[in-house]
Amino acid sequence: MNIMPTIEGNGDKRKRTVSFKAKEMEVDVTAYKDLGLAEATAVQNRLREKLDLSPLQRPVRVIAGADISLDLYSEVVYAGIVLLNYNDLQPFAYSLVKGRTSFPYVPGFLAFREIPAILEAFHQLPVKPDLIMFDGNGILHARRMGIASHFGVLTQTVTMGCAKKKLAGKFAEPGANKGDYSPVIDKNETIGYALRSKNNVKPIFISPGNAMSLTDSLAITMRCLGKYRLPEPTRQAHEFVNRFRTGALSEGYHEMVQMRLF
DNA sequence: GCGACAG
DNA sequence: ATCTTGTCGC
């Protein structure tokens, strides 16, 4: 039985509700703020049954980066998804949404804090990306349900995670050069990779979220590396939501004018 | 009990 | 996550 996403509009997009039903399961992101950790864990365990880690089925033409920005001690969240051409990694559109979160930051439960707002930004996109890279983990998680996997299963989309710090598992320090990597292992299972994204910098942690494999996540990330430690999708997303929070950008969906020097 | 602990 | 300048090292 497949998860059927149900989108209930109300004329007011800020009240839009998204719920998922699979077997006897139903998950409503608008209720995340009221969940306790035991309930949240139960949600993760049930979503995990729907995880798809098979190889990518479609070529990636449009890749996206998703992230949120916050003021310290504030419950206001500035969420955003940036769309980039996979070919040249240039951003060409972005969706920004200002929301609120009451779910606290608890390692292992980041999804319950950030997904509601990111989902709004996702709904605001007129055209969906082929893959979304999150600032966080995919299956590199104690219960294999990091924010990227959580969002992927919920929306039935292709997602992956790219974190700046290790959340779970063990790994041997990868080589010191860009491109060097080593597997992150937990309970005798490879759940991601520690990747040296740039010479002499701390490694970043890569893992598939949903609808793609461990190998895919590594290849995609390598292809997105530039002159910075973070891959372009995530780096750009962080830049956009930060400019949004500081007032340089406005809420909504925006397309960027592409000026080319042929 | 102790250490680890995405953003 | 966010607050911040200079500074050390590849």
Side-chain angles (χ1 to χ4, degrees), chain A residues 32-33 37 40-41 44 47-48 65-82 96-119 121 132-152 159-171 173-180 184-187 191-210 217 221 227-231 233-248:
Chain A
Y32 277 7
K33 59 179 175 55
L37 296 189
T41 298
Q44 295 181 325
L47 287 176
R48 187 177 59 233
D67 191 18
I68 71 167
S69 182
L70 309 133
D71 280 312
L72 196 53
Y73 306 135
S74 170
E75 291 194 343
V76 176
V77 298
Y78 297 82
I81 294 182
V82 180
L96 266 22
V97 169
K98 184 177 178 179
R100 227 178 184 84
T101 321
S102 55
F103 196 100
Y105 165 65
V106 181
F109 299 89
L110 184 63
F112 298 90
R113 178 175 169 73
E114 305 193 346
I115 279 187
I118 292 180
L119 202 47
I132 306 176
M133 186 181 283
F134 284 78
D135 191 349
N137 297 292
I139 63 171
L140 203 166
H141 179 280
R143 291 171 294 285
R144 313 295 183 259
M145 262 297 140
I147 187 170
S149 295
H150 192 130
F151 187 95
T159 61
M160 65 164 285
C162 174
K164 297 179 289 300
K165 296 177 184 176
K166 191 203 69 173
L167 172 63
K170 301 174 183 175
F171 71 101
E173 194 65 26
N177 299 314
K178 180 178 182 178
D180 290 339
V184 174
I185 298 171
D186 183 46
K187 296 174 182 176
I191 57 177
Y193 301 97
L195 170 66
R196 194 75 67 187
S197 53
K198 182 178 188 297
N199 289 173
N200 306 306
V201 296
K202 294 168 66 65
I204 54 177
F205 299 85
I206 307 303
S207 63
N210 183 60
S217 68
T221 302
K227 51 181 294 189
Y228 304 93
R229 178 182 177 232
L230 299 182
T234 294
R235 194 181 75 79
Q236 291 292 349
H238 194 280
E239 281 293 306
F240 278 74
V241 294
N242 217 29
R243 280 187 277 171
F244 175 32
R245 178 177 60 80
T246 56

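Quantities reported herein were computed from a predicted structural model and do not represent experimental measurements. Labels below follow one simple rule: chain letters A, B, ... track the order of the sequence lines, proteins then strands, and each chain is numbered from 1.
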*Any sub-3.5 Å donor-acceptor pair from A:T159's side-chain atoms to A:I132's backbone N or O?*
no
Just call it for [X]: base, sugar-phosphate, or nothing, with non-hydrogen atoms closer than 4.0 Å on any strand.
X: A:F109; value: base
X: A:G161; value: nothing
X: A:L140; value: nothing
X: A:N137; value: base
X: A:D67; value: sugar-phosphate

Answer yes or no: does a side-chain N or O of [X] lie under 4.0 Å from OP1 or OP2 of [N]?
X: A:Y105; N: B:dA6; answer: yes
X: A:K166; N: B:dA6; answer: no
X: A:R245; N: C:dC3; answer: yes
X: A:S74; N: C:dT2; answer: no
X: A:N242; N: C:dA1; answer: no
X: A:K164; N: B:dG7; answer: yes
X: A:H238; N: C:dA1; answer: yes

*Verify side chain to side chain contact (heavy atoms under 4.5 Å, CB included) between A:D67 and A:F240, making sure each step is shown before the conclusion.*
CA-CA 9 Å; A:D67 191 18; A:F240 278 74; over 6 Å; no
Rounded distance in Å - [atom1] ([X]) to [atom2] ([N]):
X: A:I191; N: B:dA6; atom1: CD1; atom2: P; result: 13 Å
X: A:L37; N: B:dA6; atom1: CG; atom2: C1'; result: 15 Å
X: A:L167; N: B:dC5; atom1: CG; atom2: C1'; result: 7 Å
X: A:L70; N: B:dG7; atom1: CG; atom2: P; result: 13 Å
X: A:K202; N: C:dG9; atom1: NZ; atom2: P; result: 18 Å
X: A:I206; N: B:dA6; atom1: CD1; atom2: C1'; result: 12 Å
X: A:F103; N: B:dA6; atom1: CZ; atom2: P; result: 15 Å
X: A:M145; N: B:dC5; atom1: CE; atom2: P; result: 22 Å

_Pairing donors with acceptors under 3.5 angstrom, does anything connect the side chains of A:T234 and A:D135?_
no
_Option from A:L72, A:V77, A:V76 for which side chain to side chain contact (heavy atoms under 4.5 Å, CB included) with A:S74 holds_ = A:V76
*What nucleotide, of C:dT2, C:dC10, B:dG7, holds the atom closest to the side chain of A:S69?*
C:dT2
*Looking only at heavy atoms, what is the nearest atom pair of A:Y228 and A:K198, with distance?*
C-CD, 3.9 Å
*Answer with yes or no after comparing the ring centroid distance for A:Y32 and A:H150 against a 6.0 Å cut-off, counting only values under it.*
yes
